[in-house]
Amino acid sequence: METHKKLFRRRRDESHEEEDDEAAIMRRVKRQRTISATVPESEEERPPSRAMPIEKLRTLSRQQYLKRREEKKLQELKEEVEDEHYLFQGVNLTETECRRWRYKDRVYQLSKKKKSDDGSSEEYRIPEAYDDEGAVHQKERFGVALKRYRGASDLEQTWEESQIERARFSYGSKNKKQASDKDYPLVFENQIAFIKASVMDGDEFDDKKSHDETTTAAAAKATAALDDKLQEERKTLPIYQYRDAFLQAVKDHQVLIIVGETGSGKTTQIPQYLHEAGYTKRGKIGCTQPRRVAAMSVAARVAKEMGVRLGHEVGYAIRFEDCTSSNTVLKYMTDGLLLKEFGDQPDLAEYTVLVLDEAHERSLPTDMLFALVKDLARSRPDLKVLISSATLDAEKFSDFFDSAPVFKIPGRRFPVEINHTLAPEADYLDAAIVTALQIHTKEPPGDILMFLTGQEEIETAEQILKQRTRGFGTKIAELIICPIYAGLPTELQAKIFEPTPQGARKVVLATNIAETSVTIDGIKYVIDPGFCKKKSYNPKTRMDSLQVAPISKASANQRAGRSGRTGPGKCFRLYTASNYQDLEDNNVPEIQRTNLSNVVLILKSMGIDDLINFEFMDQPPPEALLQALELLYALSALNKNGLLTKVGKKMVGFPLDPMLSKMVVASDKYKCSEEIITIAAMLSVGNAIFYCPKDKRVHAQNAKISFHVGDVGDHIALLRVYNSWKENNFSRQWCYENYIQVRSMKTARDIRDQLEGLLEKAGIELTSNPNDVDAIKKCITSGFFPNIARLDKYGSYRTLKHPHTVHLHPGSGLAEVLPRWVVYHELVLTAKEYMRQVTEVKPAWLVEIAPHYYQMKDVDDPALKKMPRGVGRIGKELVCF
DNA sequence: GAGCACTGC
């Protein structure tokens with residue numbers, strides 16, 4: 001019931017937001033018309049948008065568009081004029097060229113003058129539709145932006161007009177044929193020579209065969225009543241001709257490994273086949289996905305194919321949203337959610353079949369599920385388990401599941417030509433850019449996907465590409481540059497789905513987001529420098545690091561495959577064939593490169609005590625396990641026998657990391673649970689609360705400083721941010737004015753709501769103590785006392801328990817204050833070893849709060865650096881502390 | 001005075 005209520009609230013929120021675009025347009029137009037400074041208008045005060053006639057909206061939308069276009073064109077003109085000035089100074093130009101140049105310059109000067117006369121506002125605005133509920137199908141997610149590009153509604157019609165205008169005026173290269181070597185010799189200084197190494201075969205799949213094949217009686221019966229077209233489509237999927245063999249294999253074996261390549265239809269079809277074969281008569285089929293978007297979209301697709309309403313027979317469940325009912329027999333869900341259900345009901349009695357999809361991704365929850373499901377299968381012979389993976393690395397899965405048989409389904413994919421460089425490239429960014437330009441001038445039409453490691457690299461590449469292509473003017477076809485990375489506002493992300501205009505070419509500069517999470521149509525060329533940013537955890541220093549490293553062969557192949565989705569493709573690897581051979585086969589599974597304290601807590605709560613001998617598919621590092629045990633013992637989540645304590649049981653109830661859950665549990669004592677769950681929610685969102693664009697850094701920082709008044713520390717500052725947002729009715733406008741990310745704030749609100757609901761279950765009263773800052777700080781310390789650092793004489797810090805030199809992150813509100821004693825939320829190795837999210841503490845609190853961890857001598861005498869160290873046992877396991 | 005690949009409960 002509760003979830004239904006929640007759903008209802010969300011739906012209401014969403015419909016609320018649909019109006020936002022219109023309201024925003026009105027607000028902006030108003031601002032354009034009034035010269036005086038704008039009075040911020042909260043969302044709730046705006047007039048009902050339905051009152052606006054469509055005609056008027058269209059006009060407003062048009063005005064809006066024109067203004068943006070004016071700015072953009074002006075900027076382009078400015079760059080063009082400056083470039084030409086730089087490039088052609090002293091060069092003998094023809095008379096026409098001179099005239100054109102003078103004309104451009106004059107237009108620019110005039111428009112600049114006009115603009116300064118207008119007196120434009122300095123206020124920074126994040127683009128509308130910035131937020132992302134994070135819980136929508138890719139298409140829905142970008143729907144708003146896409147609609148605009150497809151002219152779907154009246155309001156959006158203006159886009160068509162703008163498209164026409166754009167084609168007519170701005171792209172002189174329209175319909176220009178791709179320049180070949182002959183009519184346009186290459187001018188790049190450092191051409192890169194590639195050698196064609198291999199062709200990744202497309203899968204031999206004969207479509208005709210399946211059409212000719214007669215449907216089996218059972219399938220015909222089950223599907224007779226359903227929509228013909230969808231059913232025909234189902235039959236064309238590669239998996240269809242293996243339907244009977246597959247069902248027989250499931251019947252014969254309890255555990256089955258399924259290797260189905262992209263495009264085989266396994267994710268949508270397998271649960272349906274099982275349903276048709278009667279596996280849902282006595283229970284549900286649960287199918288896990290590593291991503292929320294996938295769970296939702298696949299469920300929606302299957303519901304459509306089965307002709308039922310989503311949420312009835314076919315449903316999905318993800319965090320914050322349960323779209324299932326008592327009738328649901330096919331349940332798509334995220335892997336993390338099934339793990340949660342495992343905790344609540346260890347025999348998963350309501351399921352007759354479990355499908356763990358995308359197993360090759362080896363996400364942390366999936367890895368934990370492998371071990372748990374393997375165990376469960378032994379005690380529940382009636383349960384069928386299907387492990388579905390895209391790689392041929394099925395041997396390993398089979399070995400793990402006691403030699404379970406492997407069922408292979410071919411996919412449908414086009415051939416991809418793989419090219420390697422002849423020699424290694426020293427500067428892969430430059431090489432990637434040169435390659436993109438080579439493709440652009442020499443290869444037939446088709447879009448390019450370039451893999452880079454992060455935001456900064458993408459921004460640099462964008463800049464360089466713009467400069468270099470501008471140099472060619474209209475001599476080459478237009479190259480449209482589209483960046484995409486997770487931190488980019490949703491509206492800007494949607495740009496990559498915009499169809500490429502005739503005669504132009506699109507180059508998408510992407511992080512790993514394009515490897516699995518986002519699929520772009522029309523990509524024909526992939527440029528793969530062979531690197532990505534990888535996160536790893538060092539249990540010895542208790543520090544996370546995020547660094548650039550070579551990718552794996554699996555990643556390289558996944559990247560290459562991205563060019564062969566809609567037609568034959570080409571992949572350009574900026575490393576040699578022998579470099580490729582040296583790459584690791586697969587990515588290191590997350591369980592081997594992460595802090596395991598949460599994993600250990602969850603497993604302990606399931607009664608799994610012997611973690612050293614617990615059957616993981618890949619064993620995590622023993623030091624990481626020991627360190628996790630040590631931490632949980634220090635937090636009093638485990639007793640000296642390594643068993644879960646009362647505190648530990650309470651902690652498991654919260655979907656948070658153990659130190660955060662401990663902090664929440666402790667809030668009962670300090671009577672400040674209201675404040676603490678807010679802080680916990682804000683901390684779980686990550687470091688994406690404040691938005692700091694380079695050009696408005698001063699404004700953004702001033703806004704940030706206002707939350708830090710009194711040097712209260714970063715935790716309290718986060719609390720203030722949330723509460724101010726709440727006081728302003730969760731207004732989006734307020735976020736813009738304070739350089740706060742709306743998207744992150746909404747996530748924080750969802751998490752906070754969830755935590756509030758869970759407090760009751762844990763028997764913690766909801767109490768507020770907003771004025772007792774010390775109580776809040778003590779409560780934070782109750783969870784984070786292992787993370788204490790003391791100022792040293794050089795202005796850096798020394799961690800107290802396991803001494804390392806660390807630094808205050810410059811983004812912290814205390815960066816200029818340098819308190820003597822601090823508690824920090826996390827330690828991250830980037831350029832330096834930084835403490836992020838820091839608050840001042842009093843050393844006396846440490847002995848008061850954690851007498852088992854600190855003694856007077858630790859905190860009294862700064863000169864005494866020797867820490868007490870010992871070795872002990874937790875249960876059977878040896879632990880250092 | 002620095003910067004955050006991607007997921008998930």
Side-chain angles (χ1 to χ4, degrees), chain A residues 134-135 288-295 317-322 333-344 358 361-369 451-459 484-488 510-518 531-536 544-549 551 555 558 587 589-590 593-594 598-599 601-602 605 651-658 660-661 680-681 684-694 697 700-701 741 744 747 750-751 754-755 758 795 807-812 815-816 818 826 828-836:
Chain A
T288 69
Q289 296 290 322
R291 276 172 291 280
R292 300 160 54 102
V293 176
I318 57 181
R319 189 183 188 181
F320 310 132
E321 218 180 319
D322 184 358
M333 61 214 293
T334 46
D335 48 11
L337 203 81
L338 183 63
L339 190 61
K340 196 84 188 160
E341 288 188 5
F342 230 114
D344 299 338
E358 311 288 351
E361 288 194 25
R362 304 292 307 275
S363 73
L364 193 58
T366 299
D367 256 22
M368 292 168 74
L369 285 169
F451 283 99
L452 297 170
T453 63
Q455 177 178 349
E456 204 184 336
E457 215 170 84
I458 287 174
E459 281 170 356
I484 181 163
Y485 45 89
L488 193 73
T511 59
N512 255 6
I513 195 172
E515 206 177 284
T516 49
S517 304
V518 163
F531 292 95
C532 74
K533 271 192 188 164
K534 288 182 176 173
K535 201 179 139 187
S536 63
D544 271 316
S545 73
L546 191 71
Q547 276 158 350
V548 175
I551 58 171
S555 268
Q558 172 74 15
N587 295 334
E590 197 180 354
R593 51 185 174 85
T594 196
N598 209 17
V599 173
L601 184 63
I602 290 169
S605 78
M651 284 166 59
V652 179
F654 295 99
L656 297 168
D657 280 338
L660 284 171
S661 347
S684 338
V685 169
N687 323 332
I689 303 284
F690 296 97
Y691 183 74
C692 187
K694 266 181 193 160
R697 216 174 59 190
Q701 287 194 337
Q741 301 245 33
S744 306
T747 309
D750 282 338
I751 297 175
Q754 192 186 23
L755 293 179
L758 291 168
H807 310 269
L808 270 180
H809 194 280
S812 165
E816 313 286 313
L818 298 178
E826 61 182 352
V828 183
L829 171 69
T830 49
K832 272 181 177 176
E833 295 88 348
Y834 284 114
M835 299 180 279
R836 284 205 294 225

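Order of the sequence lines sets the chain letters (A, B, ...), proteins ahead of strands, with each chain counted from 1.
Closest-nucleotide positions on DNA chain B for A:G454 and A:D657 were compared, and the one nearer the 5' end corresponds to A:G454. Ranked by how close their nearest DNA chain B nucleotide is to the 5' end, A:K533 and A:E816 are led by A:E816.
Look at A:T453 and you won't find any side-chain N or O under 4.0 angstrom from OP1 or OP2 of B:dA5. The shortest distance between the side-chain N/O atoms of A:R836 and the OP1/OP2 oxygens of B:dG3 is not below 4.0 Å. For B:dC9, one of the phosphate oxygens OP1 or OP2 lies less than 4.0 angstrom from a side-chain nitrogen or oxygen of A:T334.
In this structure, A:D750 places its CG atom 11 Å from P of B:dC9, rounding to the nearest Å. In this structure, the CZ atom of A:F320 is 15 Å from the P atom of B:dT7, given to the nearest Å. In this structure, A:L369 places its CG atom 19 Å from P of B:dT7, rounding to the nearest Å. Per the geometry, CZ belonging to A:R292 stands 6 Å off P belonging to B:dG8, to the nearest Å. One interatomic measurement links the two molecules: CG of A:L364 to P of B:dG8, which rounds to 13 Å at whole-angstrom precision. A:Q547 has its CD atom 16 Å from the P atom of B:dA2, to the nearest Å.
Side chain of A:Y834, nearest nucleotide from B:dG8, B:dC6, B:dA2: B:dA2. Looking at the side chain of A:Q701, the nearest of the listed nucleotides B:dC9, B:dA5, B:dA2 is B:dA2. Of the candidate nucleotides B:dC9, B:dG3, B:dC6, B:dG3 has the atom lying nearest to any side-chain atom of A:H809. Of the candidates B:dC9, B:dA5, B:dG8, the closest approach to any side-chain atom of A:Q455 belongs to B:dA5. In this structure, the nucleotide among B:dC9, B:dC6, B:dT7 sitting nearest to the side chain of A:A486 is B:dC6.
Residue A:S363 is out of contact with every strand shown, counting any heavy-atom pair closer than 4.0 Å. Within the nucleic acid shown, A:F654 has no heavy atom closer than 4.0 Å to any nucleic acid atom. Nucleic acid contact class of A:P290 (heavy atoms, under 4.0 Å, all strands): sugar-phosphate only. Using a 4.0 Å heavy-atom cutoff across all strands shown, A:L546 reaches at least one base atom of the nucleic acid. Using a 4.0 Å heavy-atom distance criterion, A:K340 is classed as a sugar-phosphate-only contact.
With hydrogens and angles disregarded, no donor-acceptor distance shorter than 3.5 Å links the side chain of A:R836 to the backbone of A:H809. Panel note: side chain A:T366, backbone A:R362; no donor-acceptor pair is recorded below 3.5 Å.
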Stepwise side-chain contact (heavy atoms from CB on, under 4.5 Å) check, A:E457 with A:Y485: CA-CA 11 Å; A:E457 215 170 84; A:Y485 45 89; over 6 Å; no

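A:S555 and A:E515 share a side-chain donor-acceptor pair at under 3.5 Å. Checked by atom type, the side-chain pair A:E590/A:T594 shows no donor-acceptor distance below 3.5 Å.
The side-chain hydrogen bond (donor to acceptor under 3.5 Å, both in side chains) check on A:S812 picks up A:D714, with sequence neighbours excluded.
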